[in-house]
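The structure under discussion appears below in the form of structure tokens.
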Amino acid sequence: MVFYFSGTGNSRFVAERIARAIGQEAVDITKYTKDHESPVFKDTGVYLFCCPSYMSAMARTMTEFIESATFPKGVKAYFVVTCASSMGISPNVSMDLCTLKGMEFMGVAQVVMPQNYIALFTTKGKDENSRIINEALPVIEKIADTVMAGDTLDSKKIGSFEYSVTRWVRDVYYKDFMKTKKFRATDKCIACGKCARICPLSNITIVDNRPSWGKNCTHCMACINQCPKDAIEYGKGSEGKPRYKGPEANL
Ligand SMILES: Cc1cc2nc3c(=O)[nH]c(=O)nc-3n(C[C@H](O)[C@H](O)[C@H](O)COP(=O)(O)O)c2cc1C
Ligand code: SF4
Ligand code: SF4
């Protein structure tokens with residue numbers, strides 16, 4: 001089974017390609033997480049989990065989904081992390097998850113994809129993003145071949161000091177910086193409701209023809225990047241920056 005979490009489409013793109021190559025379907029985990037389900041899976045085949053790297057490790061929406069789900073003991077688990085430059089401590093995090101859930105760790109691979117965190121950084125222009133995605137295609141293919149062959153993905157564990165420090169920074173960031181108070185809609189907003197529909201955590205409601213952000217946000221950047229009018233800003237951090245419209249729009 002291939003599961004993915006994706007804010008702006010990179011991880012969905014990667015998961016769908018791997019799933020197609022190995023003859024499976026890619027399943028969006030928000031199907032379960034939106035209703036806080038704790039699913040029980042009976043399939044004894046291979047499991048693959050694909051998500052973005054947020055602050056140097058697999059996105060928490062994915063790790064919490066895996067923690068809450070039940071899998072048959074001993075099933076093989078692969079992990080694929082999309083990132084702008086590095087998956088960070090994802091090898092340690094995914095190994096720990098396998099130990100917790102009684103799954104066989106089959107490795108983790110990173111796939112470098114375009115930057116989407118426009119609240120802090122800047123996504124490249126279409127040509128550069130297209131180059132990044134095209135360079136990712138053979139990496140994705142190799143991952144699929146490895147999974148098909150039943151081999152393990154290379155994954156180097158990060159040293160314990162770096163692991164502990166990164167975990168601490170990450171905890172602080174999730175707690176104190178993944179907030180929504182800096183999001184706002186400008187007068188360009190046409191009240192189409194797309195931001196509310198696509199938020200993977202159902203954190204946006206339309207109130208008086210404007211989006212209103214709740215507190216359950218993971219900074220996935222779907223709303224701000226995918227607004228058809230580029231009407232959403234994040235403080236001053238996003239002003240004047242290009243939006244990342246997803247891999248298909250950048251190929
Ligand atoms: C909150 C947040 C944190 C991020 N942290 C990292 C990071 O630590 N390292 C990195 O290389 N990319 C980081 N990125 C970039 C994303 O991992 C990358 O663009 C990813 O492919 C987005 O996947 P998606 O389109 O499936 O959401 C971050 C993006 C966001 C939104
Ligand atoms: S997607 Fe953009 S235009 Fe549509 S409601 Fe949200 S902010 Fe307004
Ligand atoms: S509010 Fe925006 S950034 Fe936060 S989880 Fe929803 S779509 Fe992602």
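What's counted below: heavy atoms across the whole structure, side chains too, no hydrogens, waters or symmetry copies. Remember, it's 1-based here, ligands and their atoms both numbered in the order they're listed.
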Using a strict cut-off of 4.0 Å, indicate which atoms of ligand 2 neighbour a heavy atom of Gly193.
-> 4 (Fe), 5 (S)
Min N/O separation Thr82 to ligand 1 under 3.5 Å = yes
Candidates Ala222, Ala191, Cys195; heavy atom nearest atom 1 (S) of ligand 2 found on Cys195
Take the angle between the ring planes of Phe49 and Phe3 and call it parallel below 30°, perpendicular above 60°, tilted in between.
-> parallel
Look at ligand 2 and say whether Pro228 reaches it with a heavy atom at a distance under 4.0 Å.
-> yes
So for Cys51 against ligand 1, with non-hydrogen atoms under 4.0 Å, the contacting part is neither
Cation-pi, Tyr174 ring and Arg60 (6.0 angstrom, 45 degrees) | yes
Counting heavy atoms only, which of Cys199, Cys220, Pro200 comes nearest to atom 6 (Fe) of ligand 3?
-> Cys199
Taking non-hydrogen atoms only, is Met87 closer than 4.0 angstrom to ligand 1 via side chain, backbone, both or neither?
-> neither
If you count the atoms of ligand 2 from 1 in the order shown, which ones are under 4.0 Å from a heavy atom of Pro211?
-> 7 (S)
Side chains of Thr166 and Ser56, donor plus acceptor under 3.5 Å = no
Can you find an N/O atom of Ala84 closer than 3.5 Å to an N/O atom of ligand 1?
-> yes
Heavy-atom contacts under 4.0 Å between Cys192 and ligand 2: side chain, backbone, both, or neither?
-> both
Does even one non-hydrogen atom of Thr180 get within less than 4.0 Å of ligand 3?
-> no
With only distance considered, is Pro114 within less than 3.5 Å of ligand 1 through an N or O on each side?
-> yes
With only distance considered, is Tyr117 within less than 3.5 Å of ligand 1 through an N or O on each side?
-> no
Is the shortest distance from a heavy atom of Ser56 to ligand 1 less than 4.0 Å?
-> yes
Have a look at ligand 1 and work out which part of Ser86, if any, has a heavy atom under 4.0 Å from it: side chain, backbone, both or neither.
-> backbone
With only distance considered, is Met113 within less than 3.5 Å of ligand 1 through an N or O on each side?
-> no
Got a sec: is Cys223 within less than 2.8 Å of atom 2 (Fe) of ligand 3 via an N/O/S atom?
-> yes
For ligand 1, is there an N or O atom under 3.5 Å from any N or O atom of His219?
-> no
Does Gly9 reach ligand 1 with a nitrogen or oxygen that is under 3.5 Å from one of the ligand's nitrogen or oxygen atoms?
-> yes
Based purely on interatomic distance, does Arg12 place a nitrogen or oxygen under 3.5 Å from a nitrogen or oxygen of ligand 1?
-> no
Hey, does Tyr244 come in under 3.5 Å of ligand 1, counting only N/O atoms on both sides?
-> no
Name the closest protein heavy atom to atom 8 (Fe) of ligand 2, giving the residue it belongs to and the distance to 0.1 Å.
-> Cys189 SG, 2.4 Å
Of Thr123, Asn129, Asn10, the one forming a side-chain hydrogen bond (donor to acceptor under 3.5 Å, both in side chains) with Tyr244 is Asn10
In terms of residue, atom name and distance, what is the protein heavy atom nearest to atom 7 (S) of ligand 2?
-> Ile232 CG1, 3.6 Å
Do Tyr234 and His219 make the cut of ring centroids closer than 6.0 angstrom?
-> yes
Nearest protein heavy atom with distance in Å, relative to atom 2 (Fe) of ligand 2 = Cys227 SG, 2.3 Å
Ile190: numbered ligand 2 atoms lying under 4.0 Å from its heavy atoms | 3 (S), 8 (Fe)
Using distance alone, decide if ligand 1 has a nitrogen or oxygen within less than 3.5 Å of any nitrogen or oxygen in Thr218.
-> no
